[in-house]
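Throughout, numbering of the chain's residues begins at 1 and tracks the sequence. Keep in mind the model is a prediction, meaning the values are calculated, not measured.
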Amino acid sequence: MRYPITALCAAIGAALSLVHYFGHEIEPIYILFYCLSVPAWFYPIWGTNNVNPVILYTLTILSWAVIGYVVDRFTVRRRSRY
C-alpha cells in the first residue's frame, strides 16, 4: 500500500462518524466526536444552527484523510533523507 497512514486515518474518521451516527444520543460518544472531529469545531461558524450530518461526516473523514496524507508525505521525505 502506497499511503498506509492515509488509509488508517480515513478509517478512523469513518469509524468516528459511524459511531456518532448510531450513538449520538449518548453523551460520551457525542463529546468524543466533537473533540476529535476538526470540521465540527468550525462548522457552526459557517453554517446556521441546523447541522447537516452528511456534510459533517464527509468533512470529518476527509480531514482525517488529509491528516494521514500529511503524515505519509513527511515520513517519505524523512526516509529519503536517511
Can you tell me how far the [atom1] atom of [X] sits from the [atom2] atom of [Y], to the nearest 0.5 Å?
X   : Y   : atom1 : atom2 : result
L32 : I26 : CG    : CD1   : 11.5 Å
T60 : Y57 : OG1   : OH    : 8.5 Å
L36 : W41 : CG    : CH2   : 8.0 Å
R73 : T6  : CZ    : OG1   : 9.5 Å
I5  : I12 : CD1   : CD1   : 9.0 Å
D72 : L8  : CG    : CG    : 9.5 Å

Verify same cluster id: Y3, F74 (apolar side-chain graph, 4.5 Å) = no
Has [X] got a side-chain atom pairing as donor or acceptor with [Y]'s backbone, closer than 3.5 angstrom?
X   : Y   : answer
W64 : L59 : no
H24 : Y21 : yes
S37 : Y34 : no

Please step through side chain to side chain contact (heavy atoms under 4.5 Å, CB included) for the pair I61 and S17, ending with a clear verdict.
-> CA-CA 8 Å; I61 295 168; S17 297; 4.0 Å; yes
In short, C9 meets G68 closest at the heavy-atom pair SG-CA, 3.7 Å
Does V19 reach the side chain of F33, with side-chain heavy atoms less than 4.5 Å apart?
-> no
So do the side chains of E25 and Y30 get within less than 4.5 Å of each other, counting heavy atoms only?
-> no
